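Worksheet: the structure to be examined is printed underneath.
Note that this is a predicted model, so its numbers are computed, not measured. Residue numbering restarts at 1 for every chain, and letters A, B, ... go by the order of the sequence lines.
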Amino acid sequence: MSKPAIAKGTRDFLPSEVIKRNYIFDHIKEVFKTYAYLPIETPAIELLQTLTGKYGDEGDKLLFKILNNGDYLAKANPEALANKNSNAMLSSISKRGLRYDLTVPLARYVSMHQNDIQFPFKRYAIQPVWRADRPQKGRYQEFYQCDADMVGSDSLMYESELLQILDTVYSRLNLDVVIKLNNRKILQGIAEVTGQSDNFIGVTVAIDKLDKIGRDKVAIELTNLGMNDNAASTILDLIEIHDIDLIATKLSDSETGMLGVSEMKEVMDYMSDYTLNNKIEFDFTLARGLSYYTGCIIEVVADTETYPDLKMGSLSGGGRYADLTSMFGLKDMSGVGVSFGAERIYDVMEECNLFPESVTKSIDIFFVSFDTESHRYAYKQVSALRGMGVSADLYPDAAKMKKQMKYAHGTGAPFVAIIGSDEVEANVIAVKEMTTGDQGNYSLSQLVEKLKL
RNA sequence: GUAGUUGUAGCUCAGUUGGUUAGAGCGCCGGUUUGUGGUUCCGGAGGCCGUGGGUUCGAGACCCACCUUCUACCCCA
């Protein structure tokens, strides 16, 4: 017999953990529905041709590939096999892989079903994704993403809508966050006015590290790109601005930059009547893996003022991608979306004790009994309660009271019903409140009243 | 992919310069007060010491390889 183990980067969940995870999923789903996003599902398995090349070279390495069925080596590229060249052999032994995120499957879905859906298409999906990454704090190989995306409109109303979704979900979870906002066009504007348009990617990669490695080291990275100290410090001065009007005065020479500014202003204008529960701030250092974002960029982190000791990456991310579906042959489909990292939200809520007490309650009442006759009586009471929507359970036989009570305690039930010959005779239910130890007799209907309170 | 780190009972971990039969706490099971848990006392079960190889009279301990855990980097939720 082999020792039980599970694959690295994956986890089992205890009932109490699943209940708490569902608490998060339910709140997110509820808000998605309120904002009129519709659910879709896509398979865990996608064709590798769908997945590869969408996440950059790094992403391709992190894709889980599925070996072809049958005698796959017999059909492998003989040259690659002889040379032990895994990369060259891959296409001949693996056609499929596990999805890496929910956005690329969405693009595939929209392209395939463009005749069956109407645009703007608003969909949400809460499904697991897989990445062959090195596991770390808050990083797993299998984790859930909760995405809401809109495809098929340029309107900045949707940016505003998604910001409200973020704000609503986190306030309902009672988790204080800071919503950070940027626009890739503003980043481009900064590169333009400092004469670094050719270095755009390098510049954004460098400035994205600002809060991690500090101003001096970013300045070194910038000068390494070939610009002089002056340009580097101008860039640093610009990105450290947090005021949209101030940045506007600096970017007046860049058409793209000014477009970014006006987009941001319009988004905020849509928000003007909405009362935010969380902080929202402009952060021009925000770059977020530039793979497909073209406009607004959003990132959510836990508020360090409320949780000073917390160390956790971003909890949500999102943004506008002007042309996601063209890789699948559908042109001119602008989209915008946000994604909730449920695992990290769970970890933060656990660490900061943010799950309400009531979430952990699994059942309403547990029954124990003293002998065969009272056991049968108890079972009838349990059935009746279940019929009325009360979550009730009964120990399967009249074992020793200590053993039954211990099990009852372990269920987490707030009340335990104790049934012996006295109760059967009087046709009552003796109910003990576990936290206080108080005990009293109730009729079935009285008990239902008590439990429904 | 790079660097470090970890692996001993179900869980958390001790285990001396290599030396008889590998320990503790918690948990689990049983008994103890005959209608009451979390919180009495007593007893018991449970270990290929990550896997494979090597050094040695002798390895949980030393060496090599692989696997695994956690962490930082890269990248990302």
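Two residues, A/Lys209 and A/Gln439, neighbour RNA chain B, and the one matched to the more 5' nucleotide by heavy-atom proximity is A/Gln439. If you find the closest nucleotide of RNA chain B to A/Lys400 and to A/Tyr140, the one lying nearer the 5' end belongs to A/Lys400.
A/Asp101 comes within contact range of no nucleotide atom at all, as no heavy-atom separation falls under 4.0 Å. Residue A/Ile345 is out of contact with every strand shown, counting any heavy-atom pair closer than 4.0 Å. Note on A/Gln404: nothing from the nucleic acid sits closer than 4.0 angstrom, heavy atoms only.
There is no side-chain donor-acceptor pair under 3.5 Å between A/Asp133 and A/Tyr140. With 3.5 Å as the limit, one finds no donor-acceptor pair spanning the side chains of A/Asp149 and A/Tyr124.
B/G10 and B/C76: their P atoms are spaced 41 Å apart (whole Å). Taking atom P on both nucleotides, B/G15 is separated from B/U6 by 13 Å, rounded to a whole Å. Across B/C67 and B/C13, the matching P atoms stand 24 Å from one another, rounded to whole Å. Comparing B/A9 with B/G25, their C1' atoms sit 12 Å apart, to the nearest whole Å. Remark: the separation of the C1' atoms in B/A77 and B/C66 is 31 Å, to the nearest Å. Taking the P atoms as reference points, B/C63 lies 12 Å from B/U5, given to the whole Å. Taking atom P on both B/U71 and B/U32, the two are 47 Å apart, rounded to the nearest angstrom. Look at the C1' atom in both B/G7 and B/G50: the space between them is 6 Å, to the nearest Å.
Centroid-to-centroid, the aromatic rings of A/His27 and A/Tyr23 come within less than 6.0 Å. Between A/Tyr100 and A/Phe64, the ring centre distance reaches or exceeds 6.0 Å. You'll find the ring centres of A/Phe328 and A/Tyr109 outside the 6.0 Å limit.
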Quiz item: After noting the C-alpha distance and the side-chain angles of A/Tyr346 and A/Phe355, does the key distance pass the ring-ring contact (aromatic ring centres under 6.0 Å, His included) rule?
Solution: CA-CA 9 Å; A/Tyr346 179 95; A/Phe355 287 107; 5.6 Å; yes

Practice problem: Start with the C-alpha gap between A/Phe367 and A/Tyr395, add the side-chain angles, then the distance that decides, and say whether ring-ring contact (aromatic ring centres under 6.0 Å, His included) holds. | Solution: CA-CA 6 Å; A/Phe367 277 67; A/Tyr395 200 82; over 10 Å; no

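A/Met401 has its CE atom 16 Å from the P atom of B/U33, to the nearest Å. Separating the NZ atom of A/Lys61 from the P atom of B/C75 is a distance of 11 Å, rounded to the nearest angstrom. Distance A/Gln141 CD to B/C76 P: 17 Å, rounded to the nearest Å. Computed from coordinates, the A/Arg99 CZ to B/C76 P distance equals 20 Å when rounded to whole Å. When the P atom of B/C28 is taken as reference, atom OH of A/Tyr407 falls 13 Å away, rounded to whole Å. Rounded to a whole Å, the OH atom of A/Tyr293 is 11 Å from the C1' atom of B/C76. Across the protein-nucleic acid pair, A/Lys217 atom NZ and B/C74 atom P stand 11 Å apart, rounded to whole Å. The interatomic distance linking A/Ile419 (CD1) with B/U36 (C1') rounds to 13 Å, in whole Å.
Taking the side chain as every heavy atom from C-beta outward, A/Asp208 and A/Thr285 never approach each other to under 4.5 Å. A/Ile207 is not listed as a side-chain neighbour of A/Leu210, based on a closest heavy-atom distance of 4.5 Å or more.
Closest to the side chain of A/Glu423, from the set B/U36, B/G35, B/C74, is B/G35. Candidate nucleotides B/C75, B/C76, B/G37 were compared by shortest atom distance to the side chain of A/Arg131, and B/C76 ranks first.
Electrostatic pairing of A/Lys279 and A/Asp303 counts as a salt bridge here, judged by a charged N lying under 4.0 Å from a carboxylate O. Classification of A/Arg11 and A/Glu142 as a salt-bridged pair fails, no side-chain N sitting under 4.0 Å from a carboxylate O.
No cation-pi contact links A/Arg320 to A/Tyr293, judged by a cut-off of 6.0 Å to the six-membered ring centre and 45° from its axis. Taking the ring centre of A/Phe13 as origin, the terminal cationic atom of A/Arg21 falls inside the region bounded by 6.0 Å and 45° from the ring axis.
Taking the 5.5 Å centre cut-off and the 30° plane limit, the aromatic side chain of A/Phe340 is not classed as stacked on B/A77.
With the 3.5 Å cutoff on both pairing distances, Watson-Crick and G-U pairs in RNA chain B assemble into runs of at least 3 at B:1-4 with B:70-73, B:10-13 with B:23-26, B:28-31 with B:41-44, B:50-54 with B:62-66.
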Practice problem: Do nucleotides 66-73 of chain B as a string where each nucleotide becomes B, S or -: B if the base has a protein heavy atom under 4.0 Å, S if just the sugar-phosphate does, - if no protein is that close. | Solution: --SS-SBB

Every protein N/O lying under 3.5 Å from an N/O of nucleotides 38-43 of chain B:
none

